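The shown structure was predicted, so the numbers you read here are calculated from the model rather than taken from an experiment. Letters go in sequence order (proteins before strands), and every chain restarts at 1.
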Protein chains: 2
Amino acid sequence: MKARTDTKEKIIELGTALIKSIGYPSLSYQQISSQLGIKNAAIHYHYPSKEDLGCDIVSNEIARFEKFISSVSGLGPLEKLEVFLGSYRVHLEDGNKICLIGAGASDFLELPKSMQLVYTEYLFLLKNWFIDLLETGRKAGVFHFKGEPVNKASVMISALAGALQHARLIGNDHYDAVAAQLKEDLKA
Amino acid sequence: MKARTDTKEKIIELGTALIKSIGYPSLSYQQISSQLGIKNAAIHYHYPSKEDLGCDIVSNEIARFEKFISSVSGLGPLEKLEVFLGSYRVHLEDGNKICLIGAGASDFLELPKSMQLVYTEYLFLLKNWFIDLLETGRKAGVFHFKGEPVNKASVMISALAGALQHARLIGNDHYDAVAAQLKEDLKA
DNA sequence: TTGTTTACTTACTTATAAGTAAGTAATTTT
DNA sequence: AAAATTACTTACTTATAAGTAAGTAAACAA
């Protein structure tokens with residue numbers, strides 16, 4: 001097996017899971033290589049530096065989110081929100097992970113500039129999608145809230161990211177309570 | 001200077017700031033000792049292991065929060081909320097720190113059991129204070145919201161913790177937008 | 001079928017981390 | 001004044017981290 005492998009994809013997949021579990025600074029080539037049954041240098045072959053790997057992990061997650069956006073583009077505001085909430089909740093059952101943005105944000109000051117830039121791009125993308133969702137939903141009479149969509153969107157994305165984290169300390173019910181209250185608050 | 005020093009207090013203070021900046025796993029004895037002008041072993045004298053230091057930092061923050069609770073006990077619900085929001089916002093101006101619970105939560109799976117337990121105790125304390133605040137405020141007709149106080153409190157503490165983190169990526173305005181919207185949502 | 005590229009492994013370097021043992025000087029206690 | 005305690009420093013150990021240089025075997029291209 002010297003050509004055509006899926007090692008690079010496996011590195012990204014496992015690297016993503018590890019950052020969501022333990023964060024970028026605690027992520028080591030050792031953990032990836034041992035779990036994939038390869039050597040450290042094999043990772044360096046695909047990603048010369050840890051920074052390269054980190055950037056590709058975030059970029060990959062952006063691409064996945066863009067696919068998500070397309071895939072729900074035909075749905076109504078309420079259904080879009082439900083799908084998003086569901087995909088977000090998966091983190092909890094999958095080893096009490098947190099979302100990638102939350103993980104990147106709490107390690108932000110330790111990240112290389114290149115990673116910071118990609119993370120910022122990712123959060124803007126997410127926030128804008130949410131703003132549009134709330135704006136469209138309100139115009140359609142599906143969502144009800146005070147103030148500007150941008151401010152409500154800010155509350156919702158930060159509450160969901162924070163809830164995943166807090167759930168680690170006090171249990172998954174905390175996340176469900178947050179998600180339920182956010183939906184309740186959007187009703188008439 | 002061989003007796004009666006305030007080195008231990010300085011270690012706690014700087015250690016707290018460093019955890020809020022870069023997180024517990026990235027915190028090193030080296031950074032503390034160099035900034036305080038002492039040697040690594042001096043920290044080990046006061047805190048034999050990093051785990052001891054970590055636990056004391058969180059315990060110390062709990063004690064500080066308990067003092068905060070007492071200090072605002074005479075205020076009305078709205079004033080209590082304002083003081084809390086203000087003290088929370090300080091993190092932003094102070095080198096884009098995040099709150100200690102948020103920092104601990106995102107590194108939770110890397111922490112020793114002893115630290116996890118103290119963090120859990122801290123979050124329960126904070127959440128319960130918030131629940132009581134919302135419950136009292138609603139009975140007094142100051143706050144208005146749907147659902148149970150516990151759920152609204154969950155949203156608010158997670159939104160604020162998440163907002164401090166997200167502000168690192170997209171600017172401090174994000175936190176202010178979250179704080180403003182949360183207050184707006186509590187009005188009649 | 002020879003040469004080149006791909007996808008690695010082996011073996012190494014350098015840096016930094018937590019932690020420890022032994023020594024020391026000032027202070028405090030007896 | 002002597003003994004003990006406090007608050008360190010010096011010097012060391014062990015572990016783990018990212019990263020690199022050189023070698024190798026399979027696949028593919030010419």
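- Separating the NE2 atom of His44(B) from the P atom of dA17(C) is a distance of 11 Å, rounded to the nearest angstrom.
- Taking 4.0 angstrom as the limit, Thr5(B) places none of its side-chain polar atoms (N or O) nearer than this to OP1 or OP2 of dT6(D).
- Distance Tyr47(B) OH to dT20(C) P: 17 Å, rounded to the nearest Å.
- Ion pairing between Lys8(B) and Asp56(B) fails under the 4.0 Å rule for side-chain N and carboxylate O.
- Side-chain atoms of Ala41(A) lie closest to dT20(D) of the nucleotides dT9(D), dT20(D), dC8(C).
- In this structure, Leu27(A) reaches the sugar-phosphate backbone alone: every heavy-atom distance under 4.0 Å involves primed, P, OP1 or OP2 atoms, never a base.
- Considering every non-hydrogen atom in both Gln116(B) and Leu111(B), the closest pair reads NE2-O, 3.5 Å.
- Distances were taken from every side-chain heavy atom of Tyr45(A) (C-beta onward) to each of dT6(C), dT10(C), dT20(C); the shortest belongs to dT6(C).
- A close approach under 4.0 Å does occur between a side-chain nitrogen or oxygen of His46(B) and OP1 or OP2 of dC8(D).
- Between the P atom of dT9(C) and the CD1 atom of Ile38(A) lies a distance of 6 Å, rounded to the nearest Å.
- If you check dG19(C), dG19(D), dA7(C) against the side chain of Tyr29(B), the one that comes closest is dG19(C).
- Checking dT9(D), dC8(C), dG19(D) against every side-chain atom of Ala42(A), the shortest atom distance belongs to dC8(C).
- Going from atom NZ of Lys8(B) over to atom P of dT6(D) covers 12 Å, rounded to whole Å.
- Counting only heavy atoms from C-beta on, Gln30(A) has its side chain closest to dA17(D) among dA18(D), dA18(C), dA17(D).
- Between the CG atom of Asp52(B) and the P atom of dT20(C) there is a distance of 10 Å, given to the nearest Å.
- Ile32(B) places its CD1 atom 14 Å from the P atom of dC8(D), with the value rounded to the nearest Å.
- Here Phe65(B) and Phe68(B) bring their ring centres to under 6.0 angstrom of each other.
- Regarding Asn40(A), its CG atom lies at a distance of 16 Å from the P atom of dC12(C), rounded to whole Å.
- What separates NZ of Lys39(A) from C1' of dT20(D) is a distance of 17 Å, to the nearest Å.
- Taking the six-membered ring for Trp and the full ring otherwise, the centers of His44(A) and Tyr47(A) sit at least 6.0 Å from each other.
- Remark: Ser28(B) is in phosphate contact with dA17(C), judged by side-chain N or O atoms under 4.0 Å from OP1 or OP2.
- Both the sub-6.0 Å distance and the 45° axial angle are not jointly satisfied by Lys187(A) relative to the ring of Phe143(A).
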